[in-house]
Amino acid sequence: MKALLLATHNPDKVREIKDLLKGLPVKLYSLLDFEGLSEVIEDEPTILGNATKKAYQMAQESQMLCLADDTGLFIEALEGEPGVFSARWAGPSCSYRDNRLKALELLDGIVDRTAEFRTVVALAAPDGIIATKEGIVKGVITTEERGEHGFGYDAIFEVGALTYAEMTDEQKNELSHRALAIQAILPIIETTIKL
Ligand code: IMP
């Protein structure tokens, strides 16, 4: 059976992506399964840049087929912030909650709370990038945290009547930015693993 390395150490992403790729005839690994692979510095100015950098660097180091995901929350009233800086927006060692509270504070009193989540996924072999795809979901930033599931900004990002954190993993995986990106790249993964 072919193998696919998910180029992330983030257990929340690993859980979601493994679910989204369920049924694919491929053995899935993540960086949590490998010690010794170097940490990729996410210093590109775009999520596309970071996703391709992670996928290519990890494919070269591991000599495996690699899938990387880079995600950002883009808040309209904050001119697209935090965007590519979503991970450490509230400071170098901030928690997910610190980031959520920063968003709520900056949006205090602001009526237009439109935002979107964007994920770019990149598929790479050791000799180069094979494909990239993007998934975008529009929503609004709530006025308070709601829900216990998920991670990151899930408790303040509302789609329809529910925040991502009020959805089960299955519900989020039916409509999320990451799900859309993975669905778009799935046929390319399927073709690649047959080669
Ligand atoms: P990354 O650079 O792709 O790891 O994502 C940057 C940050 O965005 C993460 O540290 C999380 O705070 C947040 N994030 C990524 N994906 C999601 C998601 O699906 N829901 C909520 N927050 C997310």
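Bear in mind that the values here come from a model prediction, so they are computed numbers and not experimental data. In each ligand, atom 1 is the first atom listed, and ligand 1 is the first ligand listed.
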Enquirer: By number and element, which atoms of ligand 1 are closer than 4.0 Å to a non-hydrogen atom of Glu42?
Expert: 2 (O)
Enquirer: Using a 4.0 Å cutoff against the non-hydrogen atoms of Tyr96, which atoms of ligand 1 qualify?
Expert: 10 (O), 11 (C), 12 (O)
Enquirer: Does ligand 1 come near enough to His177 that some N or O of the ligand is less than 3.5 Å from an N or O of the residue?
Expert: yes
Enquirer: Please lay out, stage by stage, how Arg118 and Thr71 fare under the test side-chain hydrogen bond (donor to acceptor under 3.5 Å, both in side chains).
Expert: CA-CA 6 Å; Arg118 295 184 205 154; Thr71 297; over 6 Å; no
Enquirer: Any atoms of ligand 1 less than 4.0 Å from a non-hydrogen atom of Ala87? List them with their elements.
Expert: 6 (C), 7 (C), 10 (O)
Enquirer: Run the salt bridge (charged side-chain N to carboxylate O under 4.0 Å, His left out) check on Asp154 and Lys172 step by step: do they pass?
Expert: CA-CA 10 Å; Asp154 280 353; Lys172 183 182 173 194; 3.0 Å; yes
Enquirer: Hey, is ligand 1 close enough to Lys172 that some N/O pair sits below 3.5 Å?
Expert: yes
Enquirer: In the protein, what heavy atom is nearest to atom 22 (N) of ligand 1, and what distance, to one decimal place, separates them?
Expert: Tyr153 N, 3.0 Å
Enquirer: In terms of side-chain heavy atoms, does Asp12 have a donor or acceptor partner in Tyr96 at a distance below 3.5 Å?
Expert: yes
Enquirer: For Glu76 and Arg113, run salt bridge (charged side-chain N to carboxylate O under 4.0 Å, His left out): C-alpha distance rounded to whole Å, both residues' side-chain angles, the deciding distance at 0.1 Å, then the answer.
Expert: CA-CA 7 Å; Glu76 228 162 78; Arg113 306 179 74 88; over 6 Å; no
Enquirer: Give yes if a backbone or side-chain nitrogen or oxygen of Asp154 is under 3.5 Å from a nitrogen or oxygen of ligand 1, and no if not.
Expert: yes
Enquirer: Taking atom CZ of Arg15 as the centre, does the number of heavy atoms from other residues, nucleotides or ligands within less than 6.0 Å exceed 12?
Expert: yes
Enquirer: Relative to the heavy atoms of Asp69, which atoms of ligand 1 are at a distance of less than 4.0 Å?
Expert: 3 (O)
Enquirer: Is there any N or O on Thr71 that sits under 3.5 Å from an N or O of ligand 1?
Expert: yes
Enquirer: Please verify whether a non-hydrogen atom of Phe117 lies at under 4.0 Å from ligand 1.
Expert: yes
Enquirer: Do you know the tightest heavy-atom contact between Ala55 and Ala68?
Expert: N-CB, 3.5 Å
Enquirer: Tell me which protein heavy atom sits closest to atom 16 (N) of ligand 1, plus the residue, atom name and distance to 0.1 Å.
Expert: Arg178 NH2, 2.8 Å
Enquirer: Which is closest to atom 23 (C) of ligand 1 by heavy-atom distance: Tyr164, Trp89, Phe151, Phe85?
Expert: Phe151
Enquirer: Is a donor from one side chain sitting under 3.5 angstrom from an acceptor on the other, for Asn10 and Thr8?
Expert: no
Enquirer: Taking the six-membered ring for Trp, are Tyr164 and His177 closer than 6.0 Å centroid to centroid?
Expert: yes
Enquirer: Has ligand 1 got any nitrogen or oxygen that is less than 3.5 angstrom from a nitrogen or oxygen of Lys13?
Expert: yes
Enquirer: Can you confirm whether Glu148 is buried at CD, in the sense that more than 12 heavy atoms of other residues, nucleotides or ligands lie under 6.0 Å from that atom?
Expert: no
Enquirer: For ligand 1, is there an N or O atom under 3.5 Å from any N or O atom of Asp70?
Expert: yes
Enquirer: Relative to the heavy atoms of Ser86, which atoms of ligand 1 are at a distance of less than 4.0 Å?
Expert: 6 (C), 7 (C), 8 (O)
Enquirer: Crowded around Phe85 CZ? As in, over 12 foreign heavy atoms under 6.0 Å?
Expert: no
